[in-house]
Enquirer: 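Below are the structure tokens for one structure; questions will follow.
The structure displayed is predicted, hence computed values, not measured ones. Both backbone and side-chain heavy atoms feed into the values below; hydrogens, waters and symmetry mates do not. Numbering of ligands and ligand atoms starts at 1, following listing order.
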Amino acid sequence: MSFKLLVAFVLLGLSRVGWSAPRLYTQSPCYPDLLDVGAEEVVAGLESGAWTSVDLTKAYLLRIQEVDDILQAVIELNPDALAIAESLDAERANGTIRSALHGIPMLIKNNIATHDQMNNTAGSYALLGATVPRDATVAAKLRAAGVILLGKSNLSQWANFRSSNSSSGWSAYGNQTTSAYYPNGDPSGSSSGSGVGSSIGLAWASLGTETDGSILSPSSVNNLVGIKPSVGLTSRSLVIPISSHQDTVGPMARTVSDAAYILSIIAGKDASDNYTLAQPWDTPPDYTKSLNFSSLRGARIGVPRKVITSYQDNTSLPIISAFNAAVKVMEQAGATIVEDADYPAWEGYLRDDNETLVLEADFISDLAAYLAQLETNPNNITSLADVRNFTQSFPLESYPARDTAVWDDALSLGYNNSDYQFWQAYQASYYYGAEGGVLGALEKYNLDVLILPTDYSSGPSARAGLPVVTVPLGSYPANTTVVKSRNWGLVQVGPNIPFGISFIGAKWSEEYLIGFAYAFEQRTQVRSSIKPYIAPTIQLADVVGI
Ligand SMILES: *[C@@H]1O[C@H](CO)[C@@H](O)[C@H](O)[C@H]1NC(C)=O
Ligand SMILES: *[C@@H]1O[C@H](CO)[C@@H](O)[C@H](O)[C@H]1NC(C)=O
Ligand SMILES: *[C@@H]1O[C@H](CO)[C@@H](O)[C@H](O)[C@H]1NC(C)=O
Ligand SMILES: *[C@@H]1O[C@H](CO)[C@@H](O)[C@H](O)[C@H]1NC(C)=O
Ligand SMILES: *[C@@H]1O[C@H](CO)[C@@H](O)[C@H](O)[C@H]1NC(C)=O
Ligand SMILES: *[C@@H]1O[C@H](CO)[C@@H](O)[C@H](O)[C@H]1NC(C)=O
Ligand SMILES: *[C@@H]1O[C@H](CO)[C@@H](O)[C@H](O)[C@H]1NC(C)=O
Ligand SMILES: *[C@@H]1O[C@H](CO)[C@@H](O)[C@H](O)[C@H]1NC(C)=O
Ligand SMILES: *[C@@H]1O[C@H](CO)[C@@H](O)[C@H](O)[C@H]1NC(C)=O
Ligand SMILES: *[C@@H]1O[C@H](CO)[C@@H](O)[C@H](O)[C@H]1NC(C)=O
Ligand SMILES: *[C@@H]1O[C@H](CO)[C@@H](O)[C@H](O)[C@H]1NC(C)=O
Ligand SMILES: CC(=O)N[C@H]1CO[C@H](CO)[C@@H](O)[C@@H]1O
């Protein structure tokens, strides 16, 4: 069924709200703007009866339809979303409140499987029609909490683990996602549609996944708060993998508070992902308890300056000045700033490429383990070799314009992640993130946290499985010279394009990172000063009572 037909079908009963129909009400101050509304305000309206979960679902579906031809952020809608909303409304009317997010719609990245009518493809035709025996654990947790899984967001195909010549936000099945902050803007990736979808309110918030940068970077570019959790804080069971050593699932939302609500629900141990069994508690913290305006008071914050000087180029100036201003804000909030808190083995890190070996060898093993769990597998795809063969011979996969260089390299390794060569590579790679990187700097300078521009932040933490939280920091000024991506012409640097700041910590330190991020966000409120060039116009006023 085409996307347009599907929306029409999902919205049966909404026929009075046509595209050209005049607004039945002018936007009333009692209805919050869906571009920015937070969970607490959504829930207040659900509780007072000002709107229902069905209203929210209808409004978000119409908002997706308004912009998706241009932004292509959503790959599939959940045909059951309105029915689910209706039953959650009935539960609420009856006094059953499953969680703080009962009845609120979210998008999830299209590598997180659901046991319903939606496909889980990583953006590839190879997995279209494949089914799983149950929801991914994180999806099941959201569902049990009463979150409406509204649809699947587009992504850089295979979480950007396929080609040497691709573009962020492109997948064969979902086409090219673009940013809402600049025409034909690079949405970054690989959680591209999750970034764009949350940024302009195609849903209240979304889930992304990260191996190295895939939550942080699209959150940064799309003016969002993103939490990249410690590897093992959130289950990866039935999430299409790159690497069991580095993958993690986390929230992409418009405020630290919203992201903290989501993380509190999806965190926790899961027998089907044994990395989660290393969590140092039986029940994970309630991360909303970290939302403390004063939490920067007394904090020791390090700035690994060498990272910034290593990466800066002729586009970095606005980022570095905003970052330096942010350092002042934190000082004024009572933090002690430690400059030159550098990663002990930074120069070695820049020369080391063992991470590539880790990801390639992991992908061979972990992808096969995911595929082995499928209940139906229409293209009989059981290995990376099968995926590669399918991709190279299926015309819609855009081969060879988008090549399979990453897989060619992986398959030429000749080993997977059970080989001793993998362990050598993993130990070297881990070192540069841990003792030689983040953990080394935290210890050497006796710090609570490190901060960096998000563009420069993900690598060392990715290698060592450490958490990072990004918060909006600023955007490129109006006189910025546009820089487009080499082969596909997406605008990567240009006026109004947002960027973020990262709080980087030790394993399991999310409670602290969220506290610091919140105290910074509340003092700066950068998100509200950056406006998208395109956003849907449909609001609750257009659907409530209809
Ligand atoms: C309301 O709650 C009662 C008691 O738990 C249950 O029997 C009934 O089915 C519920 N109705 C709805 C609409 O959820
Ligand atoms: C999933 O893919 C199948 C096969 O192409 C398609 O028929 C179905 O409509 C898709 N599901 C959704 C929710 O789009
Ligand atoms: C993909 O999107 C581009 C615009 O970004 C459009 O020109 C093209 O027709 C789309 N391709 C498909 C297969 O829908
Ligand atoms: C963790 O789970 C994986 C896959 O289920 C399994 O191969 C591995 O042996 C397990 N490791 C431990 C330490 O239990
Ligand atoms: C908030 O943080 C400050 C500074 O760390 C601390 O003194 C205060 O007790 C915290 N408040 C709460 C409610 O935890
Ligand atoms: C920035 O540097 C690149 C080469 O590194 C150059 O092509 C480009 O023109 C420069 N842009 C500006 C605005 O100086
Ligand atoms: C991996 O690490 C080892 C040990 O430090 C080093 O000799 C080797 O060159 C590294 N390999 C790559 C691809 O960076
Ligand atoms: C998949 O395997 C089954 C059983 O061997 C076979 O019947 C079917 O034709 C295969 N499908 C494809 C697309 O190769
Ligand atoms: C590769 O794919 C083609 C076309 O789908 C198929 O005919 C062939 O058997 C496949 N080869 C292998 C080695 O899987
Ligand atoms: C943009 O304007 C600022 C402030 O006037 C100036 O410092 C900067 O050099 C300008 N940048 C460009 C690329 O023209
Ligand atoms: C990458 O794709 C672009 C767009 O199709 C093409 O112009 C370019 O030649 C490709 N580069 C390589 C190395 O394949
Ligand atoms: C929701 C949506 O717009 N999905 C589109 C994603 O991209 C594919 C391929 O171009 C379209 O067919 C879908 O309509």
Enquirer: Can you spot which of Ser192, Ser214, Ser191, Ser194 makes a side chain to side chain donor-acceptor pair (under 3.5 Å) with Lys109?
Expert: Ser191
Enquirer: Of all the non-hydrogen atoms in the protein, which one sits nearest to atom 4 (C) of ligand 11, and at what distance?
Expert: Trp488 CH2, 3.5 Å
Enquirer: From Ile200 CD1 over to Ile64 CD1, what is the distance, rounded to the nearest 0.5 angstrom?
Expert: 9.5 Å
Enquirer: Check Asp409, Asn416, Leu411 against Glu360 for a side chain to side chain contact (heavy atoms under 4.5 Å, CB included) and give me the one that passes.
Expert: Asp409
Enquirer: Atoms of ligand 2 less than 4.0 Å from Gln117 heavy atoms?
Expert: 11 (N), 12 (C), 13 (C)
Enquirer: Please write down residue, atom name and distance for the protein heavy atom closest to atom 14 (O) of ligand 11.
Expert: Asn165 ND2, 3.3 Å
Enquirer: Does Tyr476 have its ring centroid less than 6.0 Å away from the ring centroid of Tyr182?
Expert: no
Enquirer: Does Asn119 reach ligand 2 with a nitrogen or oxygen that is under 3.5 Å from one of the ligand's nitrogen or oxygen atoms?
Expert: yes
Enquirer: Using heavy atoms and a threshold below 4.0 Å, how should the contact between Leu77 and ligand 2 be classified: side chain, backbone, both, or neither?
Expert: backbone
Enquirer: For ligand 11, which atoms, with element, lie under 4.0 Å from some heavy atom of Ala401?
Expert: 1 (C), 2 (O)
Enquirer: Evaluate the ring planes of Trp407 and Phe363, with Trp represented by its six-membered ring, and classify them as parallel (under 30°), tilted (30 to 60°) or perpendicular (over 60°).
Expert: parallel
Enquirer: Among all the protein's heavy atoms, is there at least one whose distance to atom 7 (O) of ligand 11 comes out below 4.0 Å?
Expert: no
Enquirer: If the plane angle is over 60° it's perpendicular, under 30° parallel, otherwise tilted; pick one for Tyr456 and Tyr311.
Expert: tilted
